[in-house]
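In each ligand, atom 1 is the first atom listed, and ligand 1 is the first ligand listed. Each residue takes its place number in the sequence, starting with 1.
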Amino acid sequence: MAAEFRHNPETAALIVGAGAGSRFGQAKAFYVWQGEPLIWWAARPFVRSPDIGQVVLVVRTEDLESARQVLQRLGPRGVVVPGGDTRSASVRRGLEALDASVRRVLVHDAARPGLSQRLLGRILATAGDAVVPCLEVHDALHRVEPDGGTHAVDRRGVLRVQTPQLFDRALLERAHAMLGDAADDAELVSQMGARVTYVPGEEENLKVTLAEDIERLGHRTHDLLVGHGYDVHRLVPDRRLVLCGVEIPAERGALGHSDADVATHALMDAILGAAGLPDIGHFFPPGDERFRDANSLHLLSEVVRLVEEQGLEVAQADITIVLEAPRVGPHRAAMREHLASALGLPVSRVAIKATTAEGLGPVGSGEAVQAWALATLRSGARDDQSPAS
Ligand code: MG
């Protein structure tokens with residue numbers, strides 16, 4: 001019998017996302033970014049870590065069902081509880097939901113979707129009753145007085161504090177039982193006289209507070225997606241041979257419903273694949289009269305628009321065409337220019353290679369033309385504006 005995969009039952013994570021998001025303009029935890037709500041991204045490192053036993057999501061009452069679905073999609077582990085009127089009240093609700101086996105608890109903001117396993121590991125590996133990630137302040141700090149006067153603030157010893165913050169469970173429960181509300185839990189336990197241990201945080205672990213932070217998040221995460229596409233078309237007399245939008249003089253052309261541009265079709269499937277979308281047959285069904293003899297570059301532009309709606313943009317394309325005759329080389333420069341313009345990319349980001357099949361198989365006998373494509377997409381370049389439904 002296979003050994004059961006065990007999570008450490010002594011460590012739990014509370015993900016707190018019960019705020020109204022007044023500075024953000026809507027409840028942040030369920031703002032959809034790169035296809036999932038921020039709280040999904042915030043909870044993911046904990047759900048995936050074998051070092052974490054219980055995961056507790058603390059959300060507004062109206063978001064309980066959405067939060068259950070978030071946990072379902074992440075892997076069915078964890079519980080959802082309704083939050084309180086303040087952040088500290090929400091943490092207290094989360095503490096009440098902890099399993100008896102829990103000795104250490106991490107408290108994390110639902111609006112921090114960029115936590116890495118590396119930072120989580122660094123926090124868990126640090127001994128102490130309260131372990132807190134932080135960043136140094138490099139900008140000069142000024143205080144502006146109500147009368148308009150300003151003076152510089154000494155930034156030595158000033159730290160920007162992040163989450164997740166790791167606490168001894170009993171200590172955190174005592175702090176919440178004895179003290180009132182605080183901006184974060186480290187402040188509460190230090191009021192109890194506990195010593196806080198600081199570890200280096202990460203800029204990528206930023207907290208989404210303002211709408212502009214969503215854009216900063218995209219620039220910080222450098223998420224790259226790669227997709228692959230393949231296509232083949234039969235070669236017949238009395239058809240045009242169009243490759244990457246360029247008509248190439250040839251005895252036989254590609255058979256198909258549209259202009260049968262095999263290279264552009266492979267590239268469209270690569271782009272759709274990187275975005276996790278269905279293939280081109282789904283969006284442009286063969287037999288649909290709207291696409292009869294269609295210019296495939298127009299369809300490519302439509303595919304680019306589809307992935308941009310997902311908050312993605314094409315970064316690079318690489319195509320290999322397999323054709324016995326005629327030679328593709330003389331047309332390569334024009335083909336790159338056509339594709340680059342349809343993709344909105346510099347020509348240097350579009351590669352086109354061609355080879356023959358050495359006389360082998362249907363491509364080698366001149367009965368068919370094939371193409372393979374890879375596409376790289378960058379996420380976060382444009383944010384997903386749609387609020388969670
Ligand atoms: Mg095709």
Rounding to 0.5 Å, atoms CD1 (I123) and CD (Q162) come to a distance of 8.0 Å
| task | Look at D261 and state whether any of its N, O or S atoms is less than 2.8 Å from the Mg ion (ligand 1). | result | no
Restricting H265 to its N/O/S atoms, the closest one to the Mg ion (ligand 1) is ND1
Review point. Under 4.5 Å between side-chain heavy atoms, hopping through other hydrophobics if needed: is there a path connecting V47 to V79?
Key: no
Checklist line | Check: V131 and V199 side chains under 4.5 Å, non-hydrogen atoms | finding: yes
T11 side chain reached by D51 side chain, heavy atoms, under 4.5 Å: no
For NE2 in H233 and OD2 in D231, the angle at the Mg ion (ligand 1) (nearest 10°) is 90°
